[in-house]
Structures are given as structure tokens and as C-alpha cells.
Amino acid sequence: MCGRFWNIQFPFLHSRFKTNWYSIMKPISIFNFHGMPSQIFEPLVSLSLLRIHLQRSSFCSAAAMEWRIGLNIPSANQLINAFSSYCYQRDLDKAMKALDFMQKHRIWADSVTYAELIKCCIARGAIIQGKQVHQHVFSNGYEPKTFLINTLVNMYVKFNMLDEAQALFDQMPERNVVSWTTMIAAYSNSEFSQKALEMLIQMLRDGVRPNMYTYSSVLRACKGSCNLAQVHCSIIKVGLESDVFVRSALIDIYSKWGELQAALCVFNEMVTGDLVVWNSIIGGFAQNSDGDEALNLFKRMKSFGFCADQSTLTSVLRACTSLALLELGRQVHVHVIKFDQDLVLNNALLDMYCKCGSLHDANCTFNRMVEKDVISWSTMIIGFAQNGYSRKALELFKAMRVSGTKPNYITILGVMFACSHAGLVEDGQYYFRSMKKLFGIDPGREHYGCMVDLLGRAGKLEEAMKLIHEMDCEPDAVIWRTLLGACGVHRNMDLAECAAKQILKLDPDDAGTYILLSNIYANSQRWKDVAQVRGSMRDGGIKKEPGCSWIEINKQIHAFILGDKSHPQIDEISSKLNQVIWRLKEMGYVPDTNFVLQDLEGEQSESSLLYHSEKLAIMFGMVSLPKKKTIRIRKNLRICGDCHVFAKLLAKMENRCIVIRDPIRYHHFHDGACSCGDYW
DNA sequence: TTAGGGTTAG
């Protein structure tokens with residue numbers, strides 16, 4: 001019992017509810033209504049019976065007992081006190097029974113107690129009870145304080161009942177900064193984020209000064225740099241730019257809009273920050289694929305004495321994922337153990353192992369996870385599919401369905417990716433045709449893209465083209481590029497020209513399209529057309545992105561670019577490469593100069609082919625790592641056919657695994673074969 | 001005494 005509630009805090013209760021025999025008698029009928037057996041009302045009921053009922057029965061029956069046996073006479077104060085006690089104990093059922101009693105007898109508690117009850121309703125998702133509290137505090141002319149109405153508005157927001165929240169907000173006789181901020185936060189988190197910005201303007205017009213709570217909420221509603229700049233100016237004007245909540249929200253929103261330099265400026269102005277501000281800036285860089293900077297900031301954070309929490313580690317893992325830093329990722333895993341039950345962190349760990357090509361570690365992590373959600377399952381399915389284990393991906397999808405986890409848009413995309421990369425045309429078509437019926441998911445542009453890939457790879461180019469024309473939405477450059485790639489494989493010149501035309505309409509500077517088209521012409525000996533494509537590229541100043549490969553050795557990342565001889569060990573690497581090629585040629589390796597044509601910027605000779613960046617990176621792995629250690633490479637462009645053959649033969653000759661991650665998928669080379677089954 | 005910031009899959 002909370003002593004302070006023994007004092008009547010609302011003097012008007014005396015006038016509304018007089019504690020006399022008449023008023024005490026009234027509850028008796030209520031108690032009977034609640035089902036008390038009539039014999040309980042006999043005056044000679046024993047104390048032990050009372051104890052039993054106090055333990056088993058509701059507040060109302062206990063209060064009735066107390067009154068009947070004359071041990072205690074419940075006054076309005078006592079009833080309010082009991083109600084408060086139930087509210088603070090979060091005993092919702094008893095509190096609601098007491099509330100019902102109070103409602104019938106026009107008794108009101110204080111705002112703080114109702115706020116506690118509302119918190120309890122929110123925590124339990126008890127909408128009906130929450131509405132009863134709302135009705136009670138507005139009944140019989142009672143005028144709740146602004147504080148209490150704010151709490152009710154917040155309750156509707158938490159129940160995702162924005163219309164009810166807005167209606168109550170509109171009825172408020174006066175609104176303070178909390179009232180406005182509650183609604184602004186609600187709209188910022190909703191699909192009506194523009195409304196949050198409109199409310200900020202209305203609030204200022206009403207003469208209510210926004211505070212740090214308001215700004216940290218409204219920032220999330222900013223769409224684009226224009227809104228953001230205006231809100232940022234407003235923050236500076238009211239002198240709130242140094243608040244850590246506002247600062248982290250600013251960093252976060254600038255990062256979300258890709259304005260990392262602006263985010264960094266906000267961060268660098270900080271004199272005393274907290275862990276969340278550090279997490280905001282690290283997360284910002286990690287999410288914008290700048291893993292290097294994210295890791296640098298993480299090092300700085302540690303030098304300032306901050307300890308990483310689950311959010312920090314999640315971003316650090318994401319940085320490792322984008323850079324394919326398996327060894328560093330493994331070190332982070334040691335710290336993840338501290339937060340073993342954190343689902344989001346475990347999902348990030350799982351993704352790191354998948355994207356770093358270590359499926360064994362990924363599978364162990366997945367199997368150890370106590371809690372799995374749709375992201376965990378999707379990550380593992382996509383991980384299997386991208387690493388060339390399509391059958392395992394489909395088996396896991398079946399297990400997911402058995403587990404009862406509902407697949408979503410991305411899960412189905414992963415399943416279709418598995419089908420397209422394993423040539424499982426019938427399975428892919430089945431999932432595509434039945435996804436709406438089986439899972440309630442409408443096929444989106446990406447699903448169509450997977451189907452075009454599936455049909456195109458299988459040589460069903462006309463069917464792929466037909467599907468593009470059947471799409472509900474406009475096909476984008478990615479879909480046309482997929483078709484163009486398939487036309488290259490199956491040498492369909494007419495369709496290739498049509499697809500290339502569509503891509504260049506949508507993305508006129510796409511170097512990849514010019515190169516693909518040029519290769520298709522070259523493979524058919526159409527040299528005039530090859531020259532025309534190259535001329536267009538030259539005239540348009542369009543340059544191919546240079547091929548680059550990265551390898552992690554002793555926590556250092558080494559980058560290799562075709563023709564770049566700046567690496568300090570380049571002589572050793574070149575010498576090793578020449579030895580290896582000589583030995584491979586003895587095994588029957590013949591450089592496939594068809595692929596020289598892909599490299600329009602480089603020398604068109606066998607030597608340029610032999611110095612493709614992944615070959616250099618593999619050689620550096622060979623001279624730097626222990627003999628049996630897997631060599632893991634990440635590269636920015638798709639692997640060419642010659643490097644693919646080279647890696648397969650080398651893996652067999654050296655009896656070691658080589659893993660190459662390209663922008664689309666992974667190649668695990670082992671014993672003369674690749675996990676992609678030469679189908680990529 | 002009500003309102004606020006950072007983390008996961010294509």
C-alpha cells in the first residue's frame with residue numbers, strides 16, 4: 001500500500017461521495033451483482049474465511065467482506081488506495097474491477113494512478129480496458145488534467161489508433177509541448193510523416209516551444225534534404241543542437257539520406273557525446289557501404305573509452321560483411337556472445353558468415369539461435385542460394401514453412417534466386433505462380449526479374465520477353481540487363497539489341513550495357529558493330545569501372561586493380577602467377593581470349609587477361625597464407641569465364657579452397673569444380 | 001508525471 005494515497009488528494013470527493021452508511025450500503029448490491037454467494041454476507045463469517053477470500057477473490061468481494069464483518073469500513077479513501085495499489089502492482093483485472101466500482105459511485109483517483117493503469121493497459125495491449133479508463137476519466141463532468149489526457153493520447157498512439165489519438169488531441173482544452181510531441185512522434189513513425197512536419201508548424205503558430213523530444217521525433221519525418229535543412233536550422237535557432245538525442249537523430253537522418261559528410265559534421269561538433277551518438281555515426285557509414293570509415297570510427301570510439309553494445313556490434317558486423325572481412329568478423333563474434341539472446345545481432349552475425357562465404361559458420365550460428373524470425377530464415381536461405389547451395393536453400397525453405405514462420409517478399413525472392421541459379425525452372429515457375437495463393441504476396445518487380453533470369457538462363461528468351469510485357473509495373477534497367485545477359489549466353493542478337501536499347505533509354509551512361517553488347521557482337525564476328533559501340537562509349541565519355549579485387553591478410557585489406565603495379569610485393573606476386581600459369585598450362589589450361597573483349601580499357605591481349613585483378617589477389621593469398629588455408633577474395637565486377645576456369649584448375653592443383661565473392665553471388669572453388677556448377 | 005535518439009535479410 002502506498003501511504004500517500006491514504007490522504008484524499010481530491011477534496012471534492014467529499015462532496016461527491018460522502019462516507020456515510022448510505023453510501024457504504026450502496027456497494028453491497030454491486031458486490032452481489034459480481035456474484036458473491038449470499039451466505040458470505042452473514043455477520044458471523046470467520047476471519048479465516050475472510051483470508052481465503054482475500055487470497056482468491058476480487059477486490060470487490062474482499063472489500064465487502066471487510067465491511068460486513070466490521071473489521072474495516074471502506075471509505076472512498078480506502079477504495080482509492082486499494083485501486084492505486086492494484087494499479088502499481090500492475091494487477092489489471094483487479095484494478096479494472098475497482099475502477100468499475102468507482103465509476104458507478106462517482107469516485108475518482110488521482111491522475112498519476114490512472115497513468116499507471118494506462119501504462120499497464122499499453123504493456124498488455126488491453127485496448128478495451130484502456131477505453132474504459134478513457135470513458136471513466138471523462139465521466140460525469142470530471143475534468144482530467146492535460147497530463148492525463150496526454151497519457152491517453154499516447155495510449156491510442158501505442159495501440160496504433162491514430163484517428164482516436166487525433167480526435168482526443170483535438171478535444172483538449174489546452175495542449176502543452178508533450179501533447180504536440182506525442183502526436184508528432186506518432187505521425188513521424190507512420191506512413192503520414194508529412195503530417196508530423198505540418199503539426200510542428202501548427203505548434204509553433206500556437207506559441208508552444210518545441211523541445212529536444214519534439215525535434216528528435218520530427219527529424220524522422222524529414223524526407224529529403226530540403227525539409228531536413230529547415231528543421232536543422234530551427235534546432236540551431238532554439239539552441240538544441242548539442243542535445244545528444246537531437247544530435248543522434250540528426251546524424252541518423254542525414255545518414256539515411258546518404259549525406260554522410262553532413263552527418264560527420266554534426267558528429268564532429270560534439271564535445272561530450274554518448275554511446276548512441278557513436279552508434280548513429282558508425283551505423284550511418286556501415287549502412288552506406290563505407291565499412292572502412294565505420295571501422296575507423298569504431299576504433300576511435302573505443303579509444304574514447306566507450307564499450308560496444310549490441311547496436312555497435314551489429315553495425316561493426318555489417319561493416320565486416322560489406323568488406324568481406326571474415327577474420328575480423330570472427331573476432332567480433334567473441335564479443336557477440338555477451339549478447340547471445342539478441343535476435344538482431346545474431347541475424348547480423350549470420351549474415352556476416354553468409355556474405356563472407358563461410359557457410360559452415362553460418363549454419364552453426366543459425367542452428368544455435370534460440371529465437372529465429374523471418375529475417376533469420378531469409379538470411380540463411382539467401383546465404384545458401386548465393387553461395388551455390390540451391391537445394392539446401394529450398395530444403396530450408398520447406399523447414400521454415402514447417403516451423404510456422406511466415407515467409408515475406410524477400411524470402412520468396414531468395415527462393416526464386418535459388419531456383420534461377422540452379423536452373424530449377426519448374427520449381428521457380430511454381431513458386432512464382434503460387435506465391436500469391438500460398439503466401440499472400442503479390443509478385444513485385446524483383447520477382448519478375450528472377451523469373452526473367454530463370455527463363456533467360458534456360459534459353460527461353462521469348463518467354464522471358466513475354467513475361468516482361470505482362471508485368472504490372474514498368475520494367476526497369478535491371479530487368480532489361482538480365483535479359484541482355486541471357487541474350488549474350490544464348491547469342492540472340494535481335495533481342496540483345498532490343499534489350500540494350502531499353503537499358504540505354506533508362507540509363508544512358510551504363511558502361512556495362514555497352515560492354516555486354518560489344519561482347520555479343522564480337523562473339524558473332526560483327527566487328528563493325530563492335531567498333532560502333534566502342535565509338536559511342538568514347539564519344540559519350542563512358543568508362544568502364546576498373547576491375548578490383550580485395551583480400552584480407554593479417555587484418556589488413558589489400559586491393560588489386562588490373563594493370564596496377566603499386567603493391568609492394570608485386571614482383572613476387574607476378575613471378576608466382578607466371579609459375580602457376582606455366583604449371584596450369586601443362587595441365588591443359590588455355591587462356592580464353594574471348595574474355596579479353598570484356599576489358600575495353602585494357603590491352604587486348606592474353607597478358608591483360610592473365611593480370612585480371614582476382615588472379616593477382618589469389619596469388620597474393622598463395623604467397624601470404626598457410627598452404628591449406630582458404631583464399632577468400634571479394635571483387636567489384638562479375639568474374640570472367642577465364643578466371644573461373646583458372647580458379648577451378650588452381651584449386652585442384654594446389655588442393656585448397658578458393659572463394660570469390662562477386663556483386664551477385666559466390667564461387668567456392670574446390671577440387672576442380674565450383675559451387676555455382678558453372679552456371680552464373 | 002505524460003512525449004525523444006542508434007542495430008538485422010533482396
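So you know, we letter chains A, B, ... as the sequences are listed, proteins then strands, and number each from 1. Remember, it's a predicted structure, so these values are computed and weren't measured experimentally.
The residue A:L345 sits apart from the nucleic acid: no heavy atom pair falls under 4.0 Å. When heavy atoms are screened at a 4.0 angstrom cut-off, A:T379 is found touching the sugar-phosphate backbone but no base atom. A:V244 comes within 4.0 angstrom of a nucleotide base, judged by non-hydrogen atoms across all strands. Using a 4.0 Å heavy-atom cutoff across all strands shown, A:N408 reaches at least one base atom of the nucleic acid. Contacts of A:Y215 with the nucleic acid, taken as non-hydrogen atoms under 4.0 Å apart, are absent. Using a 4.0 Å heavy-atom cutoff across all strands shown, A:D342 reaches no nucleic acid atom at all. Residue-level contact check: A:V153 touches neither bases nor backbone, having no heavy atom under 4.0 Å from any strand.
Between the side chain of A:S248 and the base of B:dG5, a donor-acceptor pair under 3.5 Å is found. At a cut-off of 3.5 angstrom, the base of B:dG5 holds no donor-acceptor pair with the side chain of A:D243.
Distances shown here put a side-chain N or O of A:R318 below 4.0 Å from the OP1 or OP2 atom of B:dA9. Close to B:dA9, at under 4.0 Å from its OP1 or OP2, lies no side-chain N or O of A:K372. OP1 or OP2 of B:dA3 lies within a sub-4.0 Å distance of a side-chain N or O belonging to A:N154. Contact annotation: A:K119 side-chain N/O to B:dT2 OP1/OP2 distance is under 4.0 Å.
Across the protein-nucleic acid pair, A:H421 atom NE2 and B:dG10 atom P stand 13 Å apart, rounded to whole Å. Per the geometry, OH belonging to A:Y213 stands 11 Å off P belonging to B:dG5, to the nearest Å. Distance, A:N211 CG to B:dT1 C1': 15 Å, rounded to whole Å. To the nearest angstrom, C1' of B:dG4 lies 12 Å from CE of A:M203. A:I251 places its CD1 atom 12 Å from the P atom of B:dT7, with the value rounded to the nearest Å. In this structure, CG of A:N150 is placed 5 Å from C1' of B:dT2, rounded to the nearest angstrom. B:dG10 atom C1' lies 9 Å from atom CZ of A:F417, rounded to whole Å. Taking atom CG on A:N346 and atom P on B:dA9, their separation rounds to 14 Å, with Å as the unit.
When ring centroids are compared, A:H360 and A:Y353 stay outside the 6.0 Å threshold. Ring centroid separation for the pair A:F432 and A:Y448 comes in under the 6.0 Å cut-off.
For residues 155-181 of chain A, proximity to DNA chain B is found at A:K158, A:V178, A:T181, defined as any non-hydrogen atom under 4.0 angstrom from a strand atom.
Residue A:M199 holds its CE atom at 10.0 Å from OG1 of A:T181, rounded to the nearest 0.5 Å.
Of the candidates B:dG5, B:dG10, B:dT7, the closest approach to any side-chain atom of A:K355 belongs to B:dG10. Taking the side chain of A:S217 as heavy atoms from C-beta on, and the options B:dG5, B:dG10, B:dG4, the nearest nucleotide is B:dG4. Taking only side-chain atoms of A:Q310, from C-beta outward, the nucleotide of B:dG10, B:dT7, B:dT2 with the closest atom is B:dT7. Closest approach to the A:E446 side chain among B:dG10, B:dT8, B:dT7 is made by B:dG10 (side chain taken as heavy atoms from C-beta onward). The A:A185 side chain lies nearest to B:dG4 when the options are B:dT2, B:dG4, B:dT8. When each of B:dT1, B:dT7, B:dA3 is scored by its nearest atom to the side-chain atoms of A:Q287, the top-ranked nucleotide is B:dT7.
We find that A:K635 and A:D662 are not joined by a salt bridge, their nearest charged nitrogen and carboxylate oxygen being 4.0 Å or further apart. Under 4.0 Å is where a charged nitrogen must lie from a carboxylate oxygen, and between A:E395 and A:K398 no such pair does. A salt bridge between A:D252 and A:K256 is present, with a side-chain N of the basic residue lying under 4.0 Å from a carboxylate O of the acidic one. A salt bridge between A:R318 and A:D351 is absent, with no side-chain N of the basic residue lying under 4.0 Å from a carboxylate O of the acidic one.
With a 4.5 Å cut-off on side-chain heavy atoms, A:V344 and A:Q310 do not count as touching.
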Show me the donor-acceptor pairs, under 3.5 Å and distance only, between side chains in residues 151-169 of chain A and residues at least two apart or in other chains.
residue	atom	partner	partner atom	Å
A:T151	OG1	A:F147	O	2.9
A:N154	OD1	A:K158	NZ	2.8
A:Y156	OH	A:H134	ND1	2.7
A:Q166	OE1	A:Y187	OH	2.6
A:Q166	NE2	A:D170	OD1	2.9

